[in-house]
Amino acid sequence: MLYESDRRRFLKFAAASGAASALANSLPVLGQVSAAETKLDPNVVRFSDDIEPLVRLLEDTDRNALMEELAKRIKSGLSYQQLLAALFLAGIRNVQPRPSVGFKFHAVLVVNSAHLASLASAESERWLPLFWAVDNFKTSQARDVQEGNWTMAPVDESKVPTGEKAEAEFVHAMQQWDEAKADTAVAGLARTASANRIFELFAKYGCRDFRSIGHKAIYVANSFRTLQCIGWHHAEPILRSLAYALLNHSGEPNPAENDLDADRPGREFESWASKVRTDWEFGKPDDKATTDLLSVLHGTSVTDATAAVVDVLNAGVSPQSVYDALLLGSGESLMRQPGIVGLHTVTTANAMHYLFQTAAKSETRLFALLQNAAFLPMFHSAMQNRGAVSSDRIVDLPAAVGANPQTSNLDSILDNISADTPQAARQLLGYLDSQHSPEAFIQEARRLIFLKGSDSHDYKFSSAALEDFYHVSPQWRNRFLATSVFHLKGSKQEDTGLAKRIQMAIS
C-alpha cells in the first residue's frame with residue numbers, strides 16, 4: 001500500500017508561495033487601485049471590492065485604448081500584483097473553457113506563463129509579458145462574445161455544503177462528472193479546506209484524462225501557481241472555473257458511465273500502482289534506464305509505456321531518471337514533428353512534473369508520473385494523425401562541428417532558429433557542450449518572445465521549456481534545451497509591434 005510522504009512537501013508548497021509573492025512584490029508597487037463603485041449584473045459573479053473595479057476596467061475598456069489606460073494607472077499607483085490578479089479573474093469570468101480547455105481559453109492558461117516570463121526578465125522589460133497577456137485577453141473576450149457571450153454566474157449559495165461535507169460532495173461530483181454539484185461543492189471546499197488539501201484533489205483530477213491534449217493538467221498547475229502570487233483570497237472563483245474546466249467532455253457521453261479512450265489510463269491506475277514497490281520514491285540515478293525508457297515512450301502502446309516505467313521503478317531507479325526520460329521524450333516529440341501537438345507534449349510534461357513535485361501524497365505523485373508516461377504514446381498517436389513523424393532521437397542529435405566549435409556564435413544560432421531550425425538545434429548543442437552559458441541563450445530566447453511572440457503558445461511553450469531545462473539532470477540538459485528551438489522565435493522573424501506599443505505606453 002502506498003504511504004504518505006512527510007510534511008516537507010507541504011512546507012515546500014508554502015515556501016514556493018512565499019517566494020512567488022516576494023518576487024512579484026519586488027516589481028514596482030505604487031499603491032492601490034481606485035475602489036470606485038461599480039454596478040454589475042446580479043447574474044454575474046462579483047469579486048472582492050479591492051479587485052472588482054480593475055477587473056471591470058479590463059473588461060470594459062476598448063482594446064485599442066487599454067494599454068495606454070493601464071500605463072496611466074501604473075504611473076498613479078497600480079501594482080504588478082494587482083494587474084496580475086485582475087487579468088486572471090477577468091479571464092475566468094468572461095471566457096468559457098468550452099468546447100475545449102484551449103483555443104480562446106488560452107487567455108486564462110497563458111497568464112502564469114506570462115508571469116513567469118516577467119519574473120525572469122530584465123527590469124526594463126518586466127511589464128511586457130503581462131501587458132501582452134492583457135491584449136490577448138481582449139481577443140479571447142471578443143471571441144467568447146461571438147460564441148454566445150458566456151459569463152460565470154454567482155454560485156448557488158443555498159446548495160453550498162459546509163464543513164467536512166464539502167470535500168465528500170466535491171469528490172463525488174467529480175467522479176460522476178456532475179458540473180452543477182461540483183460547482184457548489186468546490187465553493188464550500190474553498191471556504192473550509194487548506195490550499196494544500198485542495199491542491200492534492202485537483203492534482204489528481206487534472207491529469208486523470210487526456211482530453212484537450214494536456215490543457216487540464218496545465219490549468220491546474222498554472223492556476224495554483226498564479227494563486228501563490230495573487231493570494232488565496234481570490235481562490236473560490238478560480239477553483240470554480242477550474243472544476244468546470246476539468247469536467248469538460250464536450251461531444252462525448254458521460255465518462256462516469258462509459259469506458260472511453262481518454263480515461264482508460266487513469267482508470268487502470270490502481271492496478272498498476274499495486275505492482276509498484278512501496279519505496280519507489282527512493283532509488284539510484286541511472287542514465288541507461290533513462291535511455292532505455294526513451295526508446296519505448298514513442299510509437300508504443302500506453303500499456304507498454306506504463307509497464308516500462310513500473311519496471312524501472314521496481315528495479316530501484318530514481319524517479320528523477322524516469323522524469324529525465326519523460327521530459328526528454330517531450331522535447332523529442334517536438335523535434336520529430338514541430339507543431340501544435342509536439343509543443344503541447346512539452347507544456348503538459350512541464351505541468352505534470354509540477355504536480356508531481358508539489359503533491360504531498362505518494363499516491364498522487366505516482367499517479368502524475370504514470371499518467372505522464374501514458375500520455376506520451378497518446379500524443380504520438382495524435383501526431384501521426386497530423387502527418388509524418390520523423391524517427392529522430394534526442395540521444396542521437398549531433399552537435400554542430402567545425403574548425404573551431406568553441407567559437408559557436410549565439411547570434412548565428414538565433415538567426416538559424418528562423419532560417420534552419422535543425423541546424424540551430426545542432427549549433428545550440430555544440431554551443432552548450434563547449435561550456436558556453438545556457439543563461440545567455442535563455443535570456444535572449446525570452447527577449448525574442450517579448451518582441452516577436454504573437455500567440456499564447458509562444459509564451460506557454462517558452463516558459464515551460466526554459467524552466468524544465470533546470471528540471472532535467474545536468475548531463476541531459478543541453479540536449480533538452482537544443483530541442484526548444486523547434487518552437488522558439490528566431491532573430492530574423494518580424495517584431496509584432498505590440499511590444500513597441502507597450503514600451504511607448506509605459507514610458
Side-chain angles (χ1 to χ4, degrees), residues 32-63 65-66 69-70 73 78 82-99 101 104-105 107-109 111 134 137-163 165-166 169-170 173-174 177-193 198 202 219 223 226-227 230-248 250:
Q32 295 293 318
V33 181
S34 171
E37 290 294 323
T38 59
K39 294 182 180 180
L40 196 65
D41 187 329
N43 296 316
V44 175
V45 67
R46 182 186 175 94
F47 304 127
S48 58
D49 289 342
D50 64 320
I51 203 67
E52 179 65 37
L54 183 56
V55 175
R56 291 294 303 276
L57 176 73
L58 296 179
E59 292 172 339
D60 298 341
T61 305
D62 185 87
R63 179 185 179 186
L66 187 54
E69 179 60 32
L70 287 176
R73 298 295 182 107
L78 174 63
Q82 289 168 328
L83 181 55
L84 179 69
L87 172 60
F88 202 58
L89 292 170
I92 65 126
R93 183 158 77 185
N94 290 274
V95 186
Q96 185 181 27
R98 297 289 188 279
V101 188
K104 64 183 182 294
F105 198 69
V108 176
L109 298 174
V111 170
V134 168
F137 159 69
K138 296 302 291 185
T139 301
S140 290
Q141 181 188 25
R143 182 171 175 181
D144 189 84
V145 170
Q146 293 173 352
E147 295 180 3
N149 200 18
W150 175 90
T151 307
M152 178 183 282
V155 69
D156 186 345
E157 292 290 347
S158 67
K159 297 181 180 179
V160 175
T162 58
K165 294 181 180 179
E169 289 191 19
F170 175 71
M174 295 299 288
W177 294 74
D178 188 325
E179 293 176 1
K181 290 184 178 179
D183 186 57
T184 53
V186 77
L189 195 62
R191 300 172 191 180
T192 58
I198 295 172
F202 275 99
Y219 190 21
S223 60
T226 303
L227 277 167
I230 66 177
W232 190 251
H233 59 288
H234 295 302
E236 183 176 320
I238 293 172
L239 295 177
R240 289 180 60 209
S241 171
L242 185 56
Y244 182 46
L246 297 186
L247 291 174
N248 186 2
S250 298

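Because only heavy atoms are used, hydrogens play no part in the values below, and waters and symmetry mates are left out as well, while side chains stay in.
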Student: Closer than 4.0 angstrom, basic N to acidic O: yes or no for K159 and E169?
Tutor: no
Student: Can you measure from CZ (F170) to CG (L189) and round to the nearest 0.5 angstrom?
Tutor: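 Spacing of CZ (F170) from CG (L189) equals 6.5 Å.
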Student: Locate the shortest heavy-atom distance separating N43 from D41; write the atom from each residue and the value.
Tutor: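 Taking N43 first and D41 second, the nearest heavy atoms are N-OD1, 2.8 Å.
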Student: Which heavy atom in T192 sits nearest to a heavy atom in A166, and how many Å separate them?
Tutor: OG1-CB, 4.2 Å
Student: Which heavy atom of I198 sits nearest to which heavy atom of A190, and what is that distance?
Tutor: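 It is CD1-CA, 3.9 Å.
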Student: Side chain of R93, backbone of P237: donor and acceptor closer than 3.5 Å?
Tutor: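 Side chain of R93 to backbone of P237: no pair is present.
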Student: First locate atom CG of D156, then atom CG of D183, and finally report the distance between them rounded to the nearest 0.5 Å.
Tutor: 8.5 Å
Student: If you measure from the Lys or Arg side-chain nitrogens to the Asp or Glu carboxylate oxygens, is any gap between K138 and E69 under 4.0 Å?
Tutor: no
Student: Between V111 and L84, is a side-chain contact (heavy atoms from CB on, under 4.5 Å) present by the stated rule, with each step listed?
Tutor: CA-CA 8 Å; V111 170; L84 179 69; 3.6 Å; yes
Student: Do L58 and L83 touch side chain to side chain, with heavy atoms closer than 4.5 Å?
Tutor: yes
Student: Between H234 and F47, does a side-chain contact (heavy atoms from CB on, under 4.5 Å) hold up when you go through it step by step?
Tutor: CA-CA 8 Å; H234 295 302; F47 304 127; 5.9 Å; no
Student: Mind listing the closest non-hydrogen atom pair of F202 and V186 along with its distance?
Tutor: CZ-CG2, 3.7 Å
Student: How many angstroms lie between CG in L54 and CZ in R73, if you round to the nearest 0.5 Å?
Tutor: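 L54 atom CG to R73 atom CZ measures 7.0 Å (nearest 0.5 Å).
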Student: How close do M152 and I92 get, heavy atom to heavy atom, and via which atoms?
Tutor: CE-O, 3.8 Å
Student: Between the side chain of K104 and the main-chain N/O of T139, is any donor-acceptor distance below 3.5 Å?
Tutor: no
Student: Using atom types as modelled and distance alone, determine if a side-chain donor or acceptor of N248 lies under 3.5 Å from a backbone N or O of P97.
Tutor: yes
Student: State whether the side chain of R240 and the backbone N or O of A153 hold a donor-acceptor pair below 3.5 Å, judged by distance alone.
Tutor: yes
Student: H233 pairs by side-chain contact (heavy atoms from CB on, under 4.5 Å) with which of L227, D50, I51?
Tutor: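 Among the candidates, only D50 passes.
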Student: Minimum heavy-atom separation for I238 to I230, with atom names?
Tutor: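 Heavy atoms of I238 and I230 come nearest at CD1-CD1, 4.0 Å.
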Student: Using modelled atom types only, decide if a donor and an acceptor are shared between the side chain of Q141 and the backbone of E59 within a distance under 3.5 Å.
Tutor: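 Yes.
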Student: Hey, is the main chain of Q96 close enough, under 3.5 Å, to the side chain of D144 for a donor-acceptor pair?
Tutor: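 Yes: the side chain of D144 pairs with the backbone of Q96.
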Student: Parallel, tilted or perpendicular: which fits the ring planes of F105 and Y219, with parallel below 30° and perpendicular above 60°?
Tutor: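 The arrangement is perpendicular - the two ring planes meet at more than 60°.
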Student: Between R191 and T162, does any side-chain donor sit less than 3.5 Å from a side-chain acceptor?
Tutor: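 Not at all, the side chains of R191 and T162 share no donor-acceptor pair under 3.5 Å.
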Student: Working to the nearest 0.5 Å, report the span between CD of E179 and CG of L246.
Tutor: 11.0 Å
